[in-house]
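Sequence lines set the chain letters: A, B, ... in the order given, protein chains first and strands last, and positions in each chain run from 1.
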Amino acid sequence: MKKGDHLFLVDGSGYIFRAYHALPPLTRKSDGLPVGAVSGFCNMLWKLLRDARNTDVGIVPTHFAVIFDYSSKTFRNELFTEYKANRTAPPDDLIPQFGLIRQATRAFDLPCIEKEGFEADDLIATYCRLACEAGGDTTIISSDKDLMQLVGPSVQMYDPMKDKQIGIAEVIEKWGVPPEKMIDLQALTGDSIDNVPGVPGIGPKTAAQLLEEFGDLDTLLARAGEIKQNKRRETILANAANARISRELVKLRNDVPLEEGLESLQLHPANGPRLISYLKAMEFTSLMRRVAETTGTDASAVEAGTVTVDGFESAHGPDLDVAPKAAGATTDTPAQDGKTPALLARRRAEAAAAQKLDTSAYRTVSEAQALEDLVAEAYATGVVGLDIQMTSIDPMLAEITGIALGTGAGQASYIPVGHKAQASDLLSDGATPGQMRAADVLAALQPLLSDRSVLKVGHNLKNEWLLLSRHGITLEAFDDVMLMSYVLDAGSGAHTLDALADRWLKHSALTIKELLGSGRTGIGFDRLPLERATAAAGEQADMALRLWAVLKPRLVAQGLVSIYERLERPLIPALARMESRGISIDRQMLSRLSGELAQKAGALEDDIYKAAGGPFTIGSPKQLGDILFGTLGLPGGAKTKTGQWSTSAQVLEELAAEGHDLPRKIVDWRQLTKLKSTYTDALPGYVHPETRRVHTSYSLASTSTGRLSSTEPNLQNIPIRTAEGRKIRTAFVAEDGNKLISADYSQIELRILAHVADIPQLKAAFANGDDIHAITASEMFGVPVEGMPREVRSRAKAINFGIVYGISAFGLANQLSIPREEAGAYIKRYFERFPGIRDYMDTTKAFCREHGYVETIFGRRAHYPDIRASNPSIRANSERAAINAPIQGSAADIIRRAMVRMDDALVAAGLPDVRMLLQVHDELIFEAREEDVEAAMPVIRTVMENAAMPAIALSVPLQVDARAAHNWDEAH
DNA sequence: ATAACTCCGTA
DNA sequence: GTACGGAGTTATT
C-alpha cells in the first residue's frame, strides 16, 4: 500500500444488526429463508465497489476488507467479566444470516477477516494504523460510535445507510469532542447495551463539557474535587475506578497480530460469474441483473450456486461454500480490460437486430385476477417495460387511456382503462366494455411502480412520472431509454422511440400517423379498438425493454453510466416537479399590453403603407423585399440562401443608418408584432384550467450540448433586452405573500473556458472578481482598465463571446460591423495574448476529428459526425460547434447538478416550501413565501456555486447572483 | 394539412 | 461565430 491508496474497511458485524433492524424483512421466495440483512449487505457492497464515486464517499477504493467479530468472547471479558454480558441472543431470523453474509463476502471475492479473542473493531483499528503508516487513507464503513475514536486526517467513516461521511467535523458536531477524546468520553458515559459501567448520571453532553474543561479523563479524575456541582463531584469521585475500567474496555487495540497483511486486501476486479452464482442462489434478482449488466456476464448461463445455512432448514440443502457449478459466462475477468462490456454491448445489439418483434403474444388485461398475475410476473422478472397511453401529449392535462407492461421479449400486456366507443359509432359515446376502473388499476399497480426492486423501463418517462404523481404515485426505480440514447449518441441521430427501434431493433414501429391518422380525420388513442391498442401500446413497452437490453451495456462499455445516473435520470423527477408547479402570470397585464402593442403596430402600418405607396403584407419578407429593393429602389445588401433579398434586422438597420425612413419603421413594426403574437397573445392560452398557472415542458434530449429546452410555451426566450419586451417579464409574478427569486450564474461559460483552456490572466481576473471584459480589452489593446472607453470594452466583450462560439473572422466582423481584415487582426491579437485559447481550440478540434465527439468536463459527449466532412464550410461549422460544446455543455452539466440537488438541499435547510419553478440555461427561478426568502437565497446560491463539486474542482470560482421581487423582471 | 423558409426572442 | 423554439408566410401535397 502506498500514498494515494484508499482502504475500505466494512464493519460486517455492525452492519448485520443495523441492516436487520433498519431494513424491511425479506425472505427468499422459494423457501422463506430470511435474507433481509444479507440483501442489504450485498447491495451496499456492490454500491461501494461499483460506484463509490457516486456516494458521499466520492472515492474509489484500492484496498477492501470486510471485518467480523469471531465470537462474543474477547480479551475484554478478562478485564471485566460482565462486558457485553447482558447481550440477548440475536433474533431467530437473524441467526442464519451471519453465515450467509460471510459467504456473500467471499462471493464478492473480498477478504473476510475475523480473529479469535478480538472484536471486529480491534481489527479495524489495527488495519487503520497500518494503512496510516503506509501513507494511505482509510474509510471505515460503519456509523458505530465505538469506531469514532479512529477518525483522523487520513481516516474517515461512512454510514452506508444514510450515505453520509463522518469525519473529524462530524464527530465534533455529534459528540462535542474531537475523535481523540472519544475514548475518554465513552469512559465517562459508559454503554448500557455493552455493559460498560462509566459514571452513572454522566451523559454525552456533560462528559463533553467536563472534557472541554479538564482536557482529558486523567486530569478530570485527578482534579474532580474542583467540580462545583455537589452531586456530580461525588459520583465522579465514587466511580473513578469504573471510569478507568471503562476506558480500557472502549479503547480499541491497534496491535492485533494479523494473518492477512495490507497487501492481501488489494482490490481486484469482480468475478462476475462467481458473484452471480451466489446472487442467483439467494434469489436477489435485481442486484443480479445489475451485476450481470456491469460485469458483462450472461446471467442465464450461470447456474445458481449453493449456500450453506446454519440453524435453518433450507430447501437448497446443506452444501459447502458458495461455488458456481458452471462458469458458463463469457469470461472470468469481466470489465477488467474494458473489452468485455463492449463485446456484450455488441452481442446484444446483434441479437436485438436479429430478433423479429412478434406482437402475437400480447394480451389485453381486463380483470383483477389477470392484473394480479401480471404484477406477480413483473415482480418475478424484476424489470418491466412501461408505457402509459394518455389522452393528451401534455401530462398536466392528460387522463390515462391505458397502461402497457412489457415482461420480456415478445411479452406485453395492455390494461385499457379509458377507451371509448369508436369514432364511427356516433350514437354511443360510452366506455368500451372490458375495461377495469382506472383507480383500481392504479391501486393494483402502485406497489409495483413504487417498488425500488423492480426496474421500470420506458421512453421519455418524465411524462409518465408526472402523470403518475398527479395520481399520488411516485415512480421509483426506472430507466429511460431516450435518455440512455441521448447520453450515448447526442449529436448523431434522433432519440425518439421510433428512431431507436429503427436503429437498434431494425424494426419499423407503427407511427402515430399510421395508427390514428392525422388532422381532421385523426382519432385519439382512446378511440382505438382494444385489440389494436394492445398491439400498439404493447409494442412500445416491448421496444423500450429491448432497447434497454442494448443500450444499458453500451453505457457500461463506454463509461457513461455515471453521466446517465447523475446528470440525466435524476432530472426526471426534478423537472416533473418544476413542470407541475408552473408559474403564475398576470393575464390582465398581458391583455393590456396586447392592446398597446396592437395600437402602436397599427399606427406604424399606416405610415408604412404611405411610404410604400400602398398596402402589402408587411410580414412577408418576399413582398417587403420587392417593395424596398424593387419599387423603392433601395440598395440591396445580403441575399438569403434561396436568392431572395434579405430583409433581416441587420440589413434594415444599415439602411436606416443611411437615412432611409421606412426600414426603421419595419424594424419597429416587427418587434411590436413579434412581442404581441409570440408572447402577449400566446401566453394566456397556456394557463392551466385548474391550477391557473403556466406549465412549460422541458425537453431533456433535444440539444446536442446537454442544455435543456423548453416548449409549450417556451419560457427560455421571454424578452429582456428591450424596454418594450421587459414589460412581458413583469407579467410573470409570484402568488400573494410570495416572491420570485432569480439566481443566475455570472459569466459561467467564460469561467469554464478559463478553467479548461487554463488561461492564467482570466483565472486571476475571476479569482479577484475583476471585470473580465475590461481585463480582456486591457490585455489586447494595452489600455488601462481605469477610465477605459465603453467602446473598447464592448469590443472585447464581443470577442469573448465569439471565442466561446468558436470564433471566425467573418462572424466577428458581422457582429462588430467592421471589415473582415480588422476582425482577423483582433483574433490574431487575442491568440497572441492568450495562447492557451488557441491550444484549446486546436486540441478540441483534433480530439473531435479523432473520436467523432467532444466531452464536457464531466464526461458528457456531443457527437459531430461532420467534423471530417470534405466540404470546408460544413467542416468549419462542425468545428465551431465542437469548440463550443464542451463549454456550453459543461455549464449545462453544472446547472443540472445544482437542479438535482436543489430540492433536497432546501428541505434539509428547513425550507420545504421554497419551489424551484424554471430553468433558463444559467438561471433558476424559485417561488418562496416572503418570510422564507432571506433564508432561501444563501441555500440556493451555495448549491449552485458548489454544483461542480466534488466531481470537479474548478480552478475558477463560480459566482451566483440572486435577487427576489414580486415579478420576474425585477428579480432578474 | 405539412414543410420549408425567414425572422427573431432567449442564454 | 454557439445552442434553442415559435410565429408567420409561402409553396407544395
Item to check | Strand contacts (DNA chain B) in residues 700-722 of chain A, 4.0 angstrom heavy-atom criterion | outcome: A/Arg707, A/Gln716, A/Asn717, A/Ile718, A/Pro719, A/Ile720, A/Arg721
Item to check | d(CD1, A/Ile728; P, C/dG6) in whole Å | outcome: 16 Å
Checklist entry - Roughly, in whole Å, what's the span from CG in A/Leu683 to P in C/dA7? => result 10 Å
Checklist entry - So what does A/Ala892 touch, heavy atoms closer than 4.0 Å: a base, only the sugar-phosphate, or nothing? => result nothing
Checklist entry - Is A/Arg963 salt-bridged to A/Glu970, going by a charged N under 4.0 Å from an acidic O? => result no
Next on the checklist: Under 4.0 Å from OP1 or OP2 of B/dA11: is there any side-chain N or O of A/Gln919 that close?
Outcome noted: no
Next on the checklist: With a 6.0 Å cut-off (strictly less than), is the heavy-atom count around CD1 of A/Ile393, excluding the residue itself, greater than 12?
Outcome noted: no
Next on the checklist: So that I can tick it off, tell me whether A/Glu653 and A/Arg670 are bridged by a salt bridge, with the cut-off set at under 4.0 angstrom between side-chain N and carboxylate O.
Outcome noted: no
Item to check | Nearest-angstrom distance from the residue atom CD of A/Glu653 to C1' of B/dC8 | outcome: 13 Å
Checklist entry - Are A/Thr647 and B/dT6 close enough that a side-chain N or O sits under 4.0 Å from OP1 or OP2? => result no
Item to check | Residues A/Met937, A/Phe926; criterion side chain to side chain contact (heavy atoms under 4.5 Å, CB included); working and verdict | outcome: CA-CA 10 Å; A/Met937 292 210 287; A/Phe926 300 80; over 6 Å; no
Item to check | Residues which pass side chain to side chain donor-acceptor pair (under 3.5 Å) with A/Arg868, listed by chain and number, not counting sequence neighbours | outcome: none
Next on the checklist: Looking at A/Lys674 and A/Glu724, is there a salt bridge between them, counting it only when a charged N and a carboxylate O are closer than 4.0 Å?
Outcome noted: no
Next on the checklist: Please list, in numerical order, the residues of residues 669-678 of chain A that have a heavy atom closer than 4.0 Å to any atom of DNA chain C.
Outcome noted: A/Lys674, A/Ser677, A/Thr678
Checklist entry - How close or far is atom C1' of C/dT2 from atom NE2 of A/His921, stated in whole angstroms? => result 12 Å
Checklist entry - What's the CG-P distance between A/Leu597 and B/dG9, to the nearest Å? => result 12 Å
Checklist entry - Which nucleotide sits closest to the side chain of A/Thr642: C/dA3, C/dA11, B/dC5? => result B/dC5
